[in-house]
Every structure is written in C-alpha cells, then in structure tokens.
Amino acid sequence: MNVSLVRRATGAVPLLVVLCGAILLWAPPARAQADVDDADVRFNELYADGAVVFGTSCVSCHDADGGDTGAAPALSGHPSMGARDYIVRQILFGNPEKGMPAFGPALDDWQIAAVATYIRNSWDNAHGVVDVADVQRVKAENRP
Ligand code: HEC
C-alpha cells in the first residue's frame with residue numbers, strides 16, 4: 001500500500017476529532033440562546049400587558065412616573081419591590097385599611113403577573129419577571 005496515502009488518511013483523524021468536538025461545544029450555547037430569547041419574549045409580553053393594566057387600574061392613585069402622589073407611595077425605588085412574592089401578595093390582597101385595594105377579585109393571574117412585572121421593571125426598578133406560576137403559588141400559599 002502507498003505509505004503516504006495511509007499517512008494522509010490517519011492525519012485526517014485528529015482533524016475529524018477536533019471538528020466533532022467543535023460541533024459538540026458549539027451546540028449547547030445555541031440551545032441556551034434559544035431559552036434566553038424565549039424568556040425575553042415572555043418578559044416583553046408580560047411587561048407590555050402590565051403597562052396597560054397599570055394605566056387602567058393603578059394610575060388613579062399611583063404616579064405614572066413612579067413617584068409619590070401623596071395618595072399612594074412611590075413605586076420607583078420602593079424598598080420592597082425586589083421581594084417578588086410580597087409584591088404579588090400586596091397586589092392580590094391589597095392593604096384596604098391603608099387605601100390599597102385588593103386586585104385579586106378584579107384581575108386574572110396573567111394581569112397580576114403582568115402588572116407586577118411592569119412595576120418591578122419600570123423607572124428605577126429592575127427586579128425581573130413575575131410569571132403566572134408565581135401568582136398561582138402565592139395564591140395557593142395564602143389560601144385560608
Ligand atoms: C385607590 C388607590 C390605589 C389604587 C387604585 C392602587 N393603589 Fe397601590 N397603593 C395605594 C396606597 C394608599 C398604598 C400604600 C398602602 C400602605 O401604606 O401600605 C399602595 C401601595 C402599593 C404597593 C406597595 C405595597 C407595600 O406594602 O409596600 C404596591 C406594590 C402597589 N400599591 C401596587 C399597586 C398596583 C400594581 C395597582 C394597580 C393594579 C395599585 N397599586 C392600585 C393606593 C392604590
């Protein structure tokens with residue numbers, strides 16, 4: 001057999017290994033990227049709907065720019081805004097004796113998640129998404 005042919009063929013093996021390795025290494029980040037994109041889409045949907053809910057159900061008391069109105073406290077930079085479940089609870093059950101109505105009876109789980117996502121990520125706030133599962137969990141945990 002031609003020796004140089006054998007040498008050329010075996011010389012291709014490391015190259016193949018490197019190529020396969022490169023494909024394997026490259027594939028997981030591609031999948032992770034898709035997850036990130038899905039999360040972004042979800043966030044954007046909740047945030048956009050939350051802006052609508054805030055405009056119809058909250059701005060009668062809360063400032064559209066997140067400031068203190070006198071009737072209701074500033075939501076921008078609110079010290080509890082990072083506490084996701086606490087914020088969901090306040091929206092669901094309110095604090096009626098202090099003037100914050102309960103929105104659990106008026107809004108569905110998506111709308112609660114959406115407005116929570118909106119206020120937690122508007123103005124000076126950047127605390128991440130609140131999803132429907134979070135609202136359902138808080139409801140279940142607070143069921144009498
Ligand atoms: C009728 C007036 C009114 C409306 C409408 C209203 N709020 Fe409030 N909200 C208040 C008042 C007053 C407080 C302060 C209550 C307190 O001192 O605990 C408050 C407090 C809050 C807090 C802070 C809770 C805390 O304990 O730190 C959040 C969050 C909040 N509101 C979100 C919302 C959202 C979201 C909506 C719309 C879905 C909304 N509010 C609609 C009056 C209102």
Side-chain angles (χ1 to χ4, degrees), residues 5-144:
L5 247 183
V6 172
R7 205 177 294 138
R8 215 178 298 152
T10 50
V13 170
L15 182 65
L16 267 176
V17 169
V18 167
L19 271 177
C20 290
I23 289 167
L24 281 175
L25 280 176
W26 178 74
R31 207 175 307 130
Q33 186 60 47
D35 289 345
V36 168
D37 291 346
D38 286 350
D40 280 352
V41 168
R42 184 77 172 173
F43 176 91
N44 290 339
E45 285 173 359
L46 283 159
Y47 187 88
D49 283 0
V52 175
V53 174
F54 191 80
T56 46
S57 300
C58 318
V59 282
S60 54
C61 298
H62 290 280
D63 184 19
D65 295 325
D68 191 336
T69 60
L75 295 180
S76 181
H78 190 288
S80 302
M81 208 48 76
R84 183 190 55 203
D85 288 8
Y86 173 81
I87 292 298
V88 171
R89 239 182 352 260
Q90 292 309 107
I91 300 170
L92 278 172
F93 307 112
N95 196 348
E97 60 279 13
K98 290 196 173 160
M100 169 66 190
F103 284 93
L107 302 175
D108 64 26
D109 293 351
W110 171 269
Q111 290 173 311
I112 298 277
V115 78
T117 296
Y118 178 75
I119 63 174
R120 277 164 42 90
N121 295 282
S122 292
W123 319 298
D124 290 339
N125 303 336
H127 298 292
V129 73
V130 176
D131 215 324
V132 169
D134 299 314
V135 175
Q136 289 169 343
R137 182 172 38 73
V138 171
K139 274 185 172 175
E141 284 168 5
N142 290 276
R143 206 157 276 148

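Order of listing sets the numbers, starting from 1, for every ligand and every atom in it. Because the structure is predicted, anything quoted here is derived from the model rather than measured. Note that the numbering runs from 1 along the sequence shown for the chain.
Atom 33 (C) of ligand 1 has Met100 CE, 3.2 Å as its closest protein atom, hydrogens excluded (heavy atom only). Closest protein heavy atom to atom 36 (C) of ligand 1: Cys58 SG, 2.7 Å. Here the protein heavy atom with the shortest distance to atom 14 (C) of ligand 1 is Pro73 CD, 3.4 Å. The single protein non-hydrogen atom nearest to atom 8 (Fe) of ligand 1 is His62 NE2, 2.0 Å, given as residue, atom name and distance.
Counting atoms of ligand 1 from 1 in the listed order, those under 4.0 Å from a heavy atom of Ile119 are 29 (C). Within ligand 1, counting atoms from 1 as listed, the ones closer than 4.0 Å to a heavy atom of Ala71 are 12 (C). Each of the following atoms of ligand 1 lies closer than 4.0 Å to a heavy atom of Tyr86: 25 (C), 26 (O), 27 (O). Each of the atoms 5 (C), 37 (C), 38 (C), 41 (C) of ligand 1 lies under 4.0 Å from some heavy atom of Ser57. Ligand-side atoms of ligand 1 in range of Ser60: 5 (C), range being under 4.0 angstrom from any heavy atom. Ligand 1 places these atoms under 4.0 Å from at least one heavy atom of Lys98: 12 (C), 15 (C), 16 (C), 17 (O), 18 (O). Heavy-atom proximity to Cys61, at under 4.0 Å, picks out these atoms of ligand 1: 1 (C), 2 (C), 3 (C), 4 (C), 5 (C), 42 (C), 43 (C).
By the 4.0 Å heavy-atom criterion, Val53 is excluded from the residues contacting ligand 1.
Among the backbone and side-chain atoms of Gln90, no N/O/S atom is found under 2.8 Å from atom 8 (Fe) of ligand 1.
Atom CG of Leu92 and atom CD1 of Ile87 lie 11.5 Å apart (nearest 0.5 Å).
Note on ring orientation: taking the six-membered ring where Trp is involved, the planes of Tyr118 and Phe54 are tilted (angle from 30° to 60°).
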